[in-house]
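Notes follow once the structure below has been shown.
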Amino acid sequence: MAYRGLGASDPNALDQAWIDFNYAYQIDPSYSVALEARDQLNDYMLSIGHQSSDDGGFQGGKGN
């Protein structure tokens, strides 16, 4: 959420949030909060026309 708050002034913060959620989910796939937050971030990024440049090797979630 902190990165998302910074996203308006720093688009790189959105990418970093994306990567961090991916890593959190990879570390503990039962941690569904990371997956849900990552999907919400994805929806937000799409709504502002921002596409993440790095998937962090993520293999799960909506659209993957």
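Being a predicted model, the structure only gives us computed values, none of them experimental.
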Legend entry - From CG (D20) to CG (L41), nearest 0.5 Å: 10.0 Å
Legend entry - Close side-chain approach of R38 and W18, heavy atoms under 4.5 Å: yes
Between side-chain atoms of residues 27-37 and protein atoms elsewhere (two or more places apart, or another chain), which donor-acceptor pairs fall under 3.5 Å?
| from | atom 1 | to | atom 2 | distance (Å) |
| --- | --- | --- | --- | --- |
| D28 | OD1 | S30 | N | 3.1 |
| D28 | OD1 | S30 | OG | 2.5 |

Inset, instruction - Output the distance between atom CG (D39) and atom CG (D43), rounded to the nearest 0.5 Å. - result: 7.0 Å
Inset, instruction - Following the transitive rule for hydrophobic clusters with a side-chain heavy-atom cut-off under 4.5 Å over Ile, Leu, Val, Met, Phe, Trp and Tyr, establish whether Y44 and F21 coincide in one cluster. - result: yes
